[in-house]
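A quick write-up on the structure given underneath.
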There are 4 protein chains.
Amino acid sequence: MIADKRLRILLAAETLVSRFGVEGLSMHRVAKQAKLATGTIYLYFKDKDALMSELHERNLRLFAEAFLADVDPSSSLKQQHHQLWRNGFSYQQSNANVQRLWVHLETLPRNTRHKQLIQELFQPLELFFEKGVEQGCFKALPSEMLYALAFGSLYEICRFSHLRDVNFSQQDMDVALLASWDAITVHP
Amino acid sequence: MIADKRLRILLAAETLVSRFGVEGLSMHRVAKQAKLATGTIYLYFKDKDALMSELHERNLRLFAEAFLADVDPSSSLKQQHHQLWRNGFSYQQSNANVQRLWVHLETLPRNTRHKQLIQELFQPLELFFEKGVEQGCFKALPSEMLYALAFGSLYEICRFSHLRDVNFSQQDMDVALLASWDAITVHP
Amino acid sequence: MIADKRLRILLAAETLVSRFGVEGLSMHRVAKQAKLATGTIYLYFKDKDALMSELHERNLRLFAEAFLADVDPSSSLKQQHHQLWRNGFSYQQSNANVQRLWVHLETLPRNTRHKQLIQELFQPLELFFEKGVEQGCFKALPSEMLYALAFGSLYEICRFSHLRDVNFSQQDMDVALLASWDAITVHP
Amino acid sequence: MIADKRLRILLAAETLVSRFGVEGLSMHRVAKQAKLATGTIYLYFKDKDALMSELHERNLRLFAEAFLADVDPSSSLKQQHHQLWRNGFSYQQSNANVQRLWVHLETLPRNTRHKQLIQELFQPLELFFEKGVEQGCFKALPSEMLYALAFGSLYEICRFSHLRDVNFSQQDMDVALLASWDAITVHP
DNA sequence: TATGAATGAGGTTTCATTCAT
DNA sequence: CATGAATGAAACCTCATTCAT
């Protein structure tokens, strides 16, 4: 039993969303899952929106951390790209269950707090893309677009896996990784 | 005022989702938006699930139609790819508002009816990819994966545009189009 | 297909009640069962209450008719009693399905119209009991009470059969018939 | 004001049924009658069915208790029978209002839980009838049938009283009691 | 007469939130 | 801090009744 009640509530909510979807989430159920009284949640979160927002933030942080893990800025761009791709893929695989939460939260009305957070969390990524462009290795595009070109396919692949039960072989995944590299690099 | 009440209801639901999100959609509100009595909806749709499902189907059809429009199977693969990309982009631009509905519907429990419909609607696309692979022009990958590689980036780009208010220049979009082509084609 | 729409509606209602119970009865369903439009019912019955009331009346008439059938006032009291009992039993057996309607209708707010009808329909019964009392054969009681003593047990027996799945042998039923006779007759 | 909310709800439901019939019973009205919020009922009863079922059970228990009160198994069969009859009559008189609930509940789809409960509650009665049969005092019939013969008339009498405003004199009631005894006993 | 689409009040149930303890 | 019973607005859905055709 985790002592930090705040965290316990967040984890309870996460569990419930991944298990029963976003519509199945009620404050009562969260409390029960967290083994707390209903009212207690309101001591830690202003209201349900605040809880959801915090949940989103937590997920963003965890994803950013996993995505950027072991990416060595001093290694080659190609090595960094490959590491990012593998990280992204691993994260999606292990967290298939939070996909539903993710897409839900993504479409909530944006607040500036989140925008800023995202910018902050993914700054290393921005530097990575900028460096690649400077070196003439990557196409001359804004980093958001390079990001989309490199990793948009990854999310689409994962969506196929999770939502449509399509599975790909390891070999195919390797080819996809290289295709992602092809998408962002300059070709003669 | 549209005479076909069924369509009126669907459009009303679409409007509300895009304006207030999926949780903002209540049968009562749909009725009001469609300028009908609550009960009337149930003359045309068995229940809320049926309405949502139909909405999903409608969106799939409209998207497929727009996506595949003017794609001439007798033209070159490159031309076809470019047309698809432009179609996809146009559709997303004109239907920014359905994004929220889309991602929601996508995460609903799949039913076989939808799977079949998707397969049916996008069969021309499958043929396109298969032909490319046969000709040795596209990487030797399942068509789902080629799809993800070619158009996953497009969706990610649009998500940036709609959800995070990032805008790209026409020039950048053209580069992205070519990058999508690079992602799926074989390089020497 | 019965030509008389009024009767068609009544029969449809009866069928539905016996099949799905009183709560399952909606005007829409009655119409569908009768193969008529919803509105048509209102040409023949002022409202749902009127339909139910008429249904009750119909059932009372049918029951009275069945109950009193072949009871010959010139035959012995005992023979008449036995015929009544057998009639009552047969009716209940063949119309187990309307029991639910019956008990429902019975507990509706009484109206004078029904009271009068009942009195009218069962007058032969009253004469039967009065004659028995006059002859010193039956206990000196009001005919309603004699009725209750003679046939209350019958209904209770049928209730056991229908509602609690208790079944009785033919032999037992014969003994019960005699017991009913014992209940109303004078003993030395 | 009763402190036990559960009981308050049951009594409120009982009152409403007896006053307005079963169709007049809505959860909202029950709540208002019990001076509670609508949602509160659902803290004590899973749903309306559960409430009705509990109501039925409560009525069965109360009736059994009243019916069997002060019936001394060591006293004579005749004395026991008379006590039962008087108890039954008193209960019906004092609870005329639950008649409507009763007949409704009786026609609900039976569940095994209720069957078992009935068997349990009325076991003393079964022993009473079996003893009478053994002693050769009662007719050789299953106890359910003896029950019907002895008390079916009582219910019919009460139905006349409540539903048709027929009233009987004390003297007549006494004769009826003896007639009930005549119905189940062996005659030379 | 006959139709059946349309209505909207009212049914059951859920759930975010509060507050007395 | 913590509790959880209580609230009541609002969700989905049904259905008796009307009315333009």
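Note that this is a predicted model, so its numbers are computed, not measured.
F:dA10 atom P lies 15 Å from atom CZ of B:Phe20, rounded to whole Å. To the nearest angstrom, P of E:dT14 lies 18 Å from NE2 of D:His28. Between D:Arg29 atom CZ and E:dA9 atom P there is a gap of 16 Å when expressed in whole angstrom units. The nearest whole Å value for the distance from the NZ atom in D:Lys32 to the C1' atom in E:dG10 is 13 Å. The distance between atom CD of B:Glu23 and atom P of F:dA9, rounded to the nearest whole Å, is 22 Å. Between C:Asp4 atom CG and E:dT1 atom P there is a gap of 12 Å when expressed in whole angstrom units. Distance CE (C:Met52) to C1' (F:dT17): 17 Å, rounded to an integer number of Å. Atom C1' of nucleotide F:dC15 and atom CG of C:Asp49 are separated by 14 Å, given to the nearest angstrom.
Each of D:Tyr44 and C:Lys48 has a nearest nucleotide on DNA chain F; the 5'-most of these lies closest to D:Tyr44. Comparing B:Gly39 and D:Lys46, the nucleotide of DNA chain E nearest to each residue sits closer to the 5' end for B:Gly39. Between B:Leu36 and D:Tyr42, the residue whose closest nucleotide on DNA chain E is further toward the 5' end is B:Leu36.
Across E:dG4, F:dG4, F:dC15, the shortest atom-to-atom separation from the side chain of A:Ala37 is found for F:dG4. The nucleotide whose nearest atom lies closest to any side-chain atom of B:Leu43 is, among E:dT12, F:dC13, E:dT7, E:dT7. When each of F:dA16, F:dA2, E:dA16 is scored by its nearest atom to the side-chain atoms of C:Ser26, the top-ranked nucleotide is F:dA16.
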For DNA chain F, the dot-bracket notation using Watson-Crick and G-U wobble pairs below 3.5 Å, [ ] for pseudoknot-type crossings and | for other-strand pairs, is .||||||||||||||||||||
Show your working on side-chain contact (heavy atoms from CB on, under 4.5 Å) between D:Glu14 and D:Asn95 and close with a plain yes or no. CA-CA 11 Å; D:Glu14 218 167 272; D:Asn95 297 279; 5.8 Å; no
Kindly determine whether A:Met27 and A:Leu51 satisfy side-chain contact (heavy atoms from CB on, under 4.5 Å), including the steps that lead there. CA-CA 10 Å; A:Met27 296 301 259; A:Leu51 171 56; 4.0 Å; yes
Trace of the side-chain contact (heavy atoms from CB on, under 4.5 Å) decision for B:Arg58 with B:Leu11: CA-CA 10 Å; B:Arg58 195 181 113 86; B:Leu11 291 176; 3.3 Å; yes
Yes or no on side-chain contact (heavy atoms from CB on, under 4.5 Å) for A:Arg8 and A:Met1, after CA distance, side-chain angles and deciding distance? CA-CA 8 Å; A:Arg8 231 158 85 195; A:Met1 179 77 73; 3.4 Å; yes
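The existence of a salt bridge linking D:Arg61 and D:Glu57 is confirmed by a sub-4.0 Å separation between a basic side-chain nitrogen and an acidic carboxylate oxygen.
D:Phe45 comes within contact range of no nucleotide atom at all, as no heavy-atom separation falls under 4.0 Å. As judged by a 4.0 angstrom heavy-atom cut-off over every strand, B:Met27 is placed among residues touching the sugar-phosphate backbone only. Base engagement by C:Thr40 is indicated by at least one non-hydrogen atom pair under 4.0 Å involving a base atom. Using a 4.0 Å heavy-atom cutoff across all strands shown, B:Ile41 reaches no nucleic acid atom at all. Nucleic acid contact class of B:Thr38 (heavy atoms, under 4.0 Å, all strands): base. Heavy atoms of B:Leu51 sit nowhere under 4.0 angstrom from any nucleic acid atom.
Taking the side chain as every heavy atom from C-beta outward, A:Met52 and A:Leu25 approach each other to under 4.5 Å. Using a 4.5 Å heavy-atom cutoff, the side chains of A:Leu10 and A:Phe45 are in contact.
Of the C1' atoms belonging to F:dT21 and E:dT1, the separation is 13 Å, rounded to the nearest Å.
In this structure, the separation between CG on B:Asp47 and CD1 on B:Ile41 is 11.5 Å, given to the nearest 0.5 Å.
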